[in-house]
Undergrad: 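Dumping the structure here so I can ask a few things about it.
In this chain, numbering begins with 1 at the start of the sequence shown.
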Amino acid sequence: MTCDPRVLRRPLLVGLIPAVWTVVLGLWGLSRQNSVWRDEAATWQVARRSTGDIVRMLEHVDVVHSLYYLCMHGLFAGFGPSTTVLRLPSVLAVAAAAACVALIGHRLAGAYVGLGAGLALGLLPAVQFYLQEGRPYALVAAGSAVSTLLLVNALRGRARKWTWAAYACAVLVCGWLNWLALLILPAHLITLLWSRAPRGVRVRWAVAAGAATAGVLPLALFSLDQSGQVSWVPPLTWHMMIGPAILLAIGGLGGLLGRRTGTGTGTAERTGAAGRTDRTGRADRTDLADRAGRPGPAGTVEPPGPVTGSPSVAAVGLPLLAVPQLGLIGLSLVKPLFVDRYILFSLLGLALLIGALIGRAVDEVARRSRPAAHCVLPVLVAVALVALLPQSLAKRSPASRVDDVLAAAERTRQLKHDGDGVLFIPAARRDTWLVTPDAFTGTRDIALAETPEESGTLKGVEASPARVRAAMLAQRRILLVTDATGVARPTRGRRDRTKAEVLATHFTLVSDERIRGRRVAVYERLAPAGRG
């Protein structure tokens with residue numbers, strides 16, 4: 001198995017191969033054994049609402065995901081709710097990101113760097129996790145990859161009239177999917193400074209970045225009133241820094257060892273063209289003609305390599321990896337926000353730097369054997385695929401997530417009797433009913449006062465503790481849907497404490513099952529004292 005040299009002369013294939021590869025990885029086990037966890041359940045149940053209900057909800061909660069919810073509403077309306085419709089946008093988004101990363105690497109340092117970076121992106125464990133996630137983080141990564149590709153084109157002197165407008169639009173869309181995506185702007189600024197971009201390029205970038213920021217700022221300010229939604233994020237600890245430290249170490253190694261490849265003189269790419277190098281890795285005149293886009297002696301035309309002022313792979317990849325990580329750490333010192341998925345797009349930088357390492361490895365092998373150089377990339381990808389196979393399988397299982405809403409709903413369907421009352425502890429576990437309401441047909445949500453649609457919330461509004469107590473005592477049989485041991489948090493609210501107290505005092509537990517992170521229990525009313 002080798003990498004066909006003809007591929008190296010076709011930029012379209014350099015982008016297409018990683019995109020197809022990523023789609024294959026994404027479609028593999030896409031349904032996760034027909035499981036949906038709590039975060040995806042939020043997408044599912046919101047997407048099924050009317051546009052008016054979604055807008056009303058956004059006034060109270062989750063405005064940060066407003067654009068994503070509206071897009072998913074359109075998809076659910078057009079294709080119907082399913083795990084495929086829920087997750088396929090993420091698969092296609094990461095595939096687009098992989099194509100962009102491959103084109104960036106190709107334009108900066110050669111086809112092997114590009115192919116390596118694009119193929120590596122889909123194999124990164126965190127990317128494999130969110131590749132099949134019905135949330136907006138993969139879409140943010142795709143938009144970030146597009147904006148970075150446009151920036152690289154501008155730095156290489158290939159900007160068109162629409163380039164900066166497209167750049168601003170890409171960043172704007174990313175910001176509306178998650179305003180923390182604006183952390184990509186300081187990363188791009190460092191790339192501009194590192195590359196010593198001309199003043200005109202810096203000015204145009206500043207205008208585009210300013211326009212995008214202005215467009216996202218209202219969303220960011222409005223979302224501050226909903227900051228209680230991230231109250232669950234724990235304060236920053238040294239333990240939480242281990243992951244970012246490892247990523248930055250790998251990225252730094254890639255930038256250091258791959259720096260020669262990052263100059264655009266990668267030997268292996270040129271073995272597929274007419275050009276040649278001497279033992280020091282310097283290109284001869286024929287190769288320089290190819291890299292300039294002029295015909296070589298074999299009549300082929302290679303895509304132009306880096307031009308004067310063009311950034312290196314390190315100048316693009318290192319800031320893209322490091323700045324969002326460090327930026328989120330800095331924000332988390334003010335308010336706890338450090339959750340890796342918020343900056344998934346930073347892994348685009350890691351993929352580029354891994355591509356640089358692969359390019360360096362190909363270069364070293366090519367100095368000894370040009371035919372062998374074509375085998376390096378396929379071998380490395382195969383080894384990585386085998387090494388990561390246990391993780392890949394784990395991330396495609398229901399156990400990879402905290403819980404499974406659909407499994408709990410299906411068990412409720414089997415246990416329910418007509419007329420049963422249903423309780424959810426906490427109220428957020430009502431997503432079990434909201435995602436699959438047909439599983440609860442014939443039962444009654446005895447704590448609910450206002451539905452989520454009526455109240456403009458995710459979980460609805462429950463009655464007062466006194467009314468909940470009275471409603472429970474009027475039931476002969478109650479189904480409880482809650483978190484399994486190890487997942488559940490201590491019951492804090494007065495209403496939930498009332499639910500637990502009434503169940504313990506006036507009901508007996510007749511069935512208690514734990515299904516994929518959730519617990520479905522059946523309680524029956526105790527006979528009043530004095531009765532046989």
Undergrad: Distance check, rounded to the nearest 0.5 Å: Phe338 atom CZ versus Thr237 atom OG1?
TA: 10.0 Å
Undergrad: Under a 3.5 Å distance rule, please check whether Ser332 uses its side chain to pair with a backbone N or O of Leu337 as donor and acceptor.
TA: yes
Undergrad: Give, for atom CG of Leu123 and atom CG of Leu119, the distance between the pair rounded to the nearest 0.5 Å.
TA: 7.5 Å
Undergrad: Output yes when a side-chain donor or acceptor of Asn178 lies under 3.5 Å from a complementary backbone atom of Pro136, and no otherwise.
TA: no
Undergrad: What I'd like to find out is whether the side chain of Leu236 reaches to under 4.5 Å of the side chain of Pro336, using heavy atoms alone.
TA: no
Undergrad: Might you point out which heavy atoms bring Leu219 and Ser66 nearest each other, and give the distance in Å?
TA: CD1-OG, 4.2 Å
Undergrad: Are Ser50 and Asp53 close enough, and set up right, to give a side chain to side chain donor-acceptor pair (under 3.5 Å), and what steps lead you there?
TA: CA-CA 5 Å; Ser50 69; Asp53 286 339; 3.2 Å; yes
Undergrad: Can you tell me how far apart CD1 (Ile329) and CE (Met241) are? Round to the nearest 0.5 Å.
TA: 4.0 Å
Undergrad: If you look at every heavy atom in Leu406 and Asp404, which pair is closest and at what distance?
TA: N-OD1, 3.1 Å
Undergrad: For a side-chain contact (heavy atoms from CB on, under 4.5 Å) check, start with the C-alpha distance between Phe345 and Leu183, then their side-chain angles and the critical distance, and finish with the verdict.
TA: CA-CA 10 Å; Phe345 63 91; Leu183 288 171; 4.2 Å; yes
Undergrad: Would you say Val339 and Trp232 make side-chain contact, with heavy atoms under 4.5 Å?
TA: yes
Undergrad: May I ask you to decide whether Arg87 forms a salt bridge with Glu40, counting only side-chain N to carboxylate O separations under 4.0 Å?
TA: yes
Undergrad: For Leu115, does its backbone N or O pair with a side-chain atom of His106 as donor and acceptor, under 3.5 Å?
TA: no
Undergrad: Check whether the side chains of Gln229 and Asp62 place a donor and an acceptor atom closer than 3.5 Å, and report yes or no.
TA: yes
Undergrad: Could Asp438 and Arg413 be called an ion pair, given the rule that one side-chain N must be under 4.0 Å from one carboxylate O?
TA: yes
Undergrad: Is it true that a side-chain atom of Thr482 and a backbone atom of Ile425 form a donor plus acceptor pair closer than 3.5 Å?
TA: yes
Undergrad: Please report the interatomic distance OG(Ser144) to CG(Leu348), rounded to the nearest 0.5 Å.
TA: 6.0 Å
Undergrad: Do side-chain atoms of Gln132 reach the backbone of Gly26 as a donor and acceptor pair under 3.5 angstrom?
TA: yes
Undergrad: Do Pro319 and Thr191 have side-chain heavy atoms sitting under 4.5 Å apart?
TA: yes
Undergrad: Evaluate the side-chain proximity of Leu480 to Phe424: yes if any heavy-atom separation is below 4.5 Å, no if none is.
TA: no
Undergrad: Please report the C-alpha distance between Tyr523 and His506 in whole Å, then the side-chain angles of each, then the deciding distance to 0.1 Å, and finally whether the ring-ring contact (aromatic ring centres under 6.0 Å, His included) criterion is met.
TA: CA-CA 9 Å; Tyr523 288 84; His506 300 281; over 10 Å; no
Undergrad: Out of Arg518, Arg429, Arg514, which one pairs with Asp483 under the side-chain hydrogen bond (donor to acceptor under 3.5 Å, both in side chains) rule?
TA: Arg429
Undergrad: Determine yes or no for a side-chain-to-main-chain donor-acceptor pair under 3.5 angstrom, with Glu453 supplying the side chain and Ile54 the backbone.
TA: no
Undergrad: From the options Glu524, Arg476, Arg525, select the one residue that forms a side-chain contact (heavy atoms from CB on, under 4.5 Å) with Phe507.
TA: Arg525
Undergrad: Do Ile446 and Met472 come close enough that some side-chain heavy atom pair is under 4.5 Å?
TA: yes
Undergrad: Is a donor on one side and an acceptor on the other found under 3.5 Å between the side chain of Gln226 and the backbone of Leu58?
TA: yes
Undergrad: Contact between Ile354 and Leu350 at the side-chain level, heavy atoms closer than 4.5 Å - yes or no?
TA: yes
Undergrad: For Asp39, is there an ion pair with Arg341 - N to carboxylate O distance below 4.0 angstrom?
TA: yes
Undergrad: Which heavy atom in Val146 sits nearest to a heavy atom in Ala170, and how many Å separate them?
TA: CG1-CB, 4.3 Å
Undergrad: Could you give me the CA-CA distance, side-chain angles and deciding distance for Asp420 and Arg444, then say whether salt bridge (Lys or Arg N to Asp or Glu O under 4.0 Å) is met?
TA: CA-CA 6 Å; Asp420 283 353; Arg444 185 170 70 92; over 6 Å; no
Undergrad: Side chain to side chain donor-acceptor pair (under 3.5 Å) between Ser82 and Thr84: does it pass, once the steps are laid out?
TA: CA-CA 5 Å; Ser82 68; Thr84 299; 4.6 Å; no
Undergrad: For the aromatic rings, using the six-membered ring if either is Trp, is the centroid distance between Trp176 and Tyr68 under 6.0 Å?
TA: no
Undergrad: Could you tell me if Glu133 and Trp37 have a donor-acceptor pair between their side chains, going purely by distance under 3.5 Å?
TA: yes
Undergrad: Can you label the angle between the His188 ring and the Tyr167 ring as parallel, tilted or perpendicular, going by 30° and 60°?
TA: tilted
Undergrad: Is the closest side-chain donor-acceptor distance between Gln414 and Arg411 under 3.5 Å?
TA: yes
Undergrad: The test is side-chain contact (heavy atoms from CB on, under 4.5 Å); show your working for Thr505 and Leu526 and say whether it passes.
TA: CA-CA 9 Å; Thr505 305; Leu526 292 171; over 6 Å; no
Undergrad: Using a cut-off of 6.0 Å, state whether more than 12 heavy atoms not belonging to Arg467 lie near its atom CZ.
TA: no
Undergrad: Are Val422 and Trp433 close enough that some pair of their side-chain heavy atoms sits under 4.5 Å apart?
TA: no
Undergrad: Rounded at 0.5 Å granularity, tell me how far NE2 in His65 sits from OG in Ser223.
TA: 10.0 Å
Undergrad: What's the shortest heavy-atom distance between Val140 and Ala181, and which atoms?
TA: CG1-CB, 3.6 Å
Undergrad: Specify the closest pair of heavy atoms between Ala42 and Arg135, including all atoms of both residues, with the distance to one decimal.
TA: CB-NH1, 4.0 Å
Undergrad: Any non-hydrogen side-chain atom of Arg519 less than 4.5 Å from a side-chain atom of Val481?
TA: no
Undergrad: If you take all heavy atoms of Thr443 and Lys416, which pair is closest and at what distance?
TA: CG2-CB, 3.9 Å
Undergrad: Check the pair Thr148 / Ile104 against side-chain contact (heavy atoms from CB on, under 4.5 Å), numbers first and verdict last.
TA: CA-CA 8 Å; Thr148 304; Ile104 292 169; 3.7 Å; yes
Undergrad: Restricting to pairs with a member in residues 383-398, which pass salt bridge (charged side-chain N to carboxylate O under 4.0 Å, His left out), not counting sequence neighbours?
TA: none
Undergrad: Distance from Leu473 atom CG to Arg469 atom CZ, nearest 0.5 Å?
TA: 5.5 Å
Undergrad: If you measure only the distance, is there a donor-acceptor pair under 3.5 Å linking the side chains of Gln128 and Ser392?
TA: yes
Undergrad: Side chain to side chain donor-acceptor pair (under 3.5 Å), that's the test. Do Ser397 and Arg32 meet it? Break it down for me.
TA: CA-CA 5 Å; Ser397 72; Arg32 289 204 306 273; over 6 Å; no
Undergrad: Judged by atom type as modelled, is there a donor-acceptor pair below 3.5 Å linking the side chain of Asp496 to the main-chain atoms of Gly493?
TA: no
Undergrad: Output yes when a side-chain donor or acceptor of Arg516 lies under 3.5 Å from a complementary backbone atom of Ala399, and no otherwise.
TA: no
Undergrad: For a side-chain contact (heavy atoms from CB on, under 4.5 Å) check, start with the C-alpha distance between Thr22 and Leu121, then their side-chain angles and the critical distance, and finish with the verdict.
TA: CA-CA 8 Å; Thr22 305; Leu121 180 66; 5.9 Å; no
Undergrad: For the residue pair Arg401 / Ser35, report whether a side-chain donor-acceptor contact shorter than 3.5 Å exists.
TA: no
